[in-house]
Amino acid sequence: MVRVSPHRQKTQRQLREVYAEEQRRLAVVVRRAFSAEADGWERILAGCAAMLEATLEPGVRRITLVEAPAALGWTDMRDIQAGCKEQLPRGWAS
């Protein structure tokens, strides 16, 4: 059994909170892009473009591509992203 130090646990909790907040911020960016378009396909394209543009920011890249995967693992990251994934069908249907 691997024992995780209390310091590492605290760091993981903090990074989980930071990552979750970043995902919520990105979700707002995508929702705004969705709502700016009337056509379903245009909504999807606008949401994807907004997401890609937002993820080019150095801070976002560092959190989502370096720190979160190393500290949280892909399973925890996918759990946090679950709400974001639900936006696609809603964006299409709106």
Side-chain angles (χ1 to χ4, degrees):
M1 183 165 133
V2 176
R3 179 171 160 76
V4 179
S5 73
H7 173 72
R8 181 157 171 88
Q9 288 175 341
K10 181 180 178 184
T11 302
Q12 284 178 317
R13 276 193 308 272
Q14 290 171 335
L15 185 56
R16 185 178 180 86
E17 290 171 12
V18 168
Y19 180 71
E21 179 57 35
E22 192 62 37
Q23 291 303 301
R24 286 189 291 272
R25 188 186 73 78
L26 290 171
V28 169
V29 168
V30 171
R31 270 195 301 275
R32 285 183 182 150
F34 277 161
S35 65
E37 300 295 334
D39 177 69
W41 277 113
E42 293 302 318
R43 285 175 177 261
I44 299 298
L45 293 174
C48 290
M51 180 68 164
L52 289 172
E53 186 175 326
T55 57
L56 291 175
E57 296 175 21
V60 175
R61 284 187 299 182
R62 182 175 176 140
I63 291 168
T64 59
L65 298 177
V66 179
E67 294 178 9
L72 302 176
W74 291 110
T75 301
D76 284 349
M77 289 176 62
R78 280 192 298 272
D79 291 345
I80 293 169
Q81 294 170 346
C84 299
K85 293 175 187 172
E86 295 168 1
Q87 286 190 114
L88 187 61
R90 283 187 290 201
W92 177 262
S94 297

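- Atom CD of Gln12 and atom CD of Gln14 lie 11.0 Å apart (nearest 0.5 Å).
- Nearest heavy atom pair, residue Leu26 against residue Ala54, reads CD2-CB, 3.5 Å.
- When side chains are defined from C-beta on, Phe34 counts as touching Ile44, because their heavy atoms get closer than 4.5 Å.
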Does the pair Arg13 and Arg16 meet the rule for a side-chain contact (heavy atoms from CB on, under 4.5 Å), with working shown? CA-CA 5 Å; Arg13 276 193 308 272; Arg16 185 178 180 86; 5.6 Å; no

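- The nearest pair of heavy atoms linking Ala33 to Ala46 is CB-O, 3.4 Å.
- For the atom pair CD1 (Ile80) and OG1 (Thr75), the distance works out to 11.0 Å, reported to the nearest 0.5 Å.
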Show your working on salt bridge (charged side-chain N to carboxylate O under 4.0 Å, His left out) between Arg32 and Glu37 and close with a plain yes or no. CA-CA 9 Å; Arg32 285 183 182 150; Glu37 300 295 334; over 6 Å; no

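- Scored by the side chain to side chain donor-acceptor pair (under 3.5 Å) test, Glu21 finds Arg24 as partners (sequence neighbours excluded).
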Extract all donor-acceptor atom pairs below 3.5 Å that involve side chains of residues 59-72 and protein atoms in other chains or at least two apart in sequence.
residue	atom	partner	partner atom	Å
Arg61	NE	Leu56	O	3.4
Arg62	NE	Glu67	OE2	2.3
Arg62	NH2	Glu67	OE2	3.2
Thr64	OG1	Val60	O	2.7

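- To the nearest 0.5 Å, the span separating CD on Gln81 from CD on Gln23 amounts to 5.0 Å.
- Placement of Leu52 and Met77 in two distinct hydrophobic clusters is found when ILVMFWY residues are connected by side-chain heavy-atom separations under 4.5 Å, directly or transitively.
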